[in-house]
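Just below is one structure, and these are the notes that go with it.
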Amino acid sequence: SSGLRPSKTIGRFHEPSPSEIALLQYTSGSTSSPKGVQITYGNLDHQLALNRTCLGLSEASRSVLWVPQYHDFGLISGILSAAWGNGHLYMMSPLTFLRSPQLWMELISRVKATHAPAPNFSFGLVLRKTTAEQRRLWDLSSSVRLNLWFVTAIFRVNRRFHEIGRFRCLSGTFIGF
């Protein structure tokens, strides 16, 4: 026997304080050298509450996301937001999306997603890689928010997506700490 004994703390719940570090998030380095940023439980709680308010999330929300879990949007505004009670999350592989972007729209249609946040290029890719016939089959009327990350593309993509029709809202949203 190795001499290992069971821990007396297994099964105990630890409620972290808002100042405790929850995770280390690395910046992309797009404006300076990449660096680790300490994200506290208080930061997470604030961001997840902000997601609920600003994005109109609730327990009834259904989000479809292909952004990877190692991206802050995939992890925090996707996985952790759903675990925090901001609705249901359907995830697909980023590679699947890039190869077959119509599958993203088909999933949004099938699960009657209320939210489908993604970077602006994804909507253009959907339009370039799908046919008018494919787009006619999608019912996107439940999609309250198709969030774009960059405002510069909203008007061009907005006009083209409204040509598809059946959207109640298309908004530009900035997410971050």
Side-chain angles (χ1 to χ4, degrees), residues 22-23 25 28 39 43-177:
L23 58 98
Q25 179 180 14
S28 66
I39 306 298
N43 294 137
L44 285 176
D45 189 54
H46 175 79
Q47 182 65 42
L48 296 170
L50 193 66
N51 286 358
R52 177 178 287 256
T53 302
C54 295
L55 300 178
L57 294 170
S58 71
E59 294 82 10
S61 297
R62 291 172 310 282
S63 298
V64 175
L65 188 67
W66 60 262
V67 179
Q69 73 278 7
Y70 51 81
H71 187 281
D72 68 331
F73 199 82
L75 176 63
I76 296 166
S77 294
I79 296 169
L80 294 180
S81 192
W84 198 73
N86 284 340
H88 304 275
L89 176 65
Y90 299 85
M91 291 191 76
M92 63 186 297
S93 157
L95 292 176
T96 299
F97 167 75
L98 291 172
R99 287 184 193 126
S100 304
Q102 80 278 0
L103 294 176
W104 182 45
M105 291 289 133
E106 289 170 9
L107 182 57
I108 291 168
S109 179
R110 186 171 69 243
V111 302
K112 299 193 181 331
T114 57
H115 296 74
N120 62 338
F121 82 84
S122 50
F123 298 97
L125 186 65
V126 167
L127 291 170
R128 281 192 309 279
K129 288 192 149 191
T130 60
T131 65
E133 180 58 34
Q134 286 174 306
R135 293 189 292 265
R136 271 193 286 280
L137 298 175
W138 304 334
D139 177 7
L140 305 176
S141 60
S142 64
S143 294
V144 174
R145 295 182 187 259
L146 292 171
N147 301 100
L148 302 175
W149 290 350
F150 303 103
V151 172
T152 56
I154 287 176
F155 299 109
R156 185 180 73 245
V157 175
N158 189 347
R159 189 176 328 107
R160 292 191 64 201
F161 259 83
H162 277 293
E163 290 170 9
I164 295 172
R166 299 184 304 270
F167 285 106
R168 287 194 282 166
C169 173
L170 185 64
S171 67
T173 302
F174 292 98
I175 300 296
F177 289 104

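What you are looking at is a predicted structure, and each value in this text was computed from that prediction instead of being measured.
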Q) Do you know the tightest heavy-atom contact between L23 and L75? A)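 Looks like CD2-CD2, 4.3 Å.
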Q) What closest approach, in Å, do G56 and S61 show between heavy atoms, and which atom pair accounts for it? A)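 Closest heavy-atom pair between G56 and S61: O-OG, 3.9 Å.
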So, does [X] use its side chain to make a donor-acceptor pair with the main chain of [Y] at under 3.5 Å?
X: S100; Y: L103; result: no
X: S81; Y: G78; result: no
X: Q47; Y: L44; result: no

Q. Are W66 and Y90 close enough that their ring centres sit under 6.0 Å apart?
A.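 Here the rings of Y90 and W66 have centres that are no less than 6.0 Å from each other.
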Output the distance between atom [atom1] ([X]) and atom [atom2] ([Y]), rounded to the nearest 0.5 Å.
X: T114; Y: I108; atom1: OG1; atom2: CD1; answer: 10.5 Å
X: D72; Y: I39; atom1: CG; atom2: CD1; answer: 8.5 Å
X: E106; Y: M92; atom1: CD; atom2: CE; answer: 9.0 Å
X: N43; Y: I76; atom1: CG; atom2: CD1; answer: 9.0 Å

Q: With sequence neighbours excluded, tell me which residues meet side-chain contact (heavy atoms from CB on, under 4.5 Å) with Q69.
A: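 Once residues adjacent in sequence are excluded, the partners of Q69 under the side-chain contact (heavy atoms from CB on, under 4.5 Å) criterion are I79.
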Q: Could you tell me which residues satisfy side-chain contact (heavy atoms from CB on, under 4.5 Å) with A132, sequence neighbours excluded, listed by chain and number?
A: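 For A132 the side-chain contact (heavy atoms from CB on, under 4.5 Å) partners, ignoring immediate neighbours, are R135, R136.
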Q.
Out of the candidates L125, V126, T130, only one should pair with Q102 under the side chain to side chain contact (heavy atoms under 4.5 Å, CB included) rule; please name it.
A.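 Option passing the side chain to side chain contact (heavy atoms under 4.5 Å, CB included) with Q102: T130.
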Evaluate the side-chain proximity of [Y] to [X]: yes if any heavy-atom separation is below 4.5 Å, no if none is.
X: L127; Y: F123; result: no
X: P119; Y: V67; result: yes
X: L65; Y: P117; result: yes
X: V64; Y: W104; result: yes
X: L98; Y: S93; result: no

Q.
Walk me through whether S77 and N51 qualify under side-chain hydrogen bond (donor to acceptor under 3.5 Å, both in side chains).
A. CA-CA 7 Å; S77 294; N51 286 358; 3.2 Å; yes
Q) Hey, mind stepping through R52 and E59 against side chain to side chain contact (heavy atoms under 4.5 Å, CB included) and telling me if it holds? A) CA-CA 10 Å; R52 177 178 287 256; E59 294 82 10; 3.5 Å; yes
Q: Would you check, one step at a time, whether the test side chain to side chain contact (heavy atoms under 4.5 Å, CB included) holds for R62 with K112?
A: CA-CA 7 Å; R62 291 172 310 282; K112 299 193 181 331; 3.6 Å; yes
Q | Residue pairs passing the salt bridge (Lys or Arg N to Asp or Glu O under 4.0 Å) test where at least one lies in residues 77-98, sequence neighbours excluded | A |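 Sorted pair list comes back empty.
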Q: Given side chain to side chain contact (heavy atoms under 4.5 Å, CB included), test S63 with L57 step by step and report yes or no.
A: CA-CA 9 Å; S63 298; L57 294 170; 4.2 Å; yes
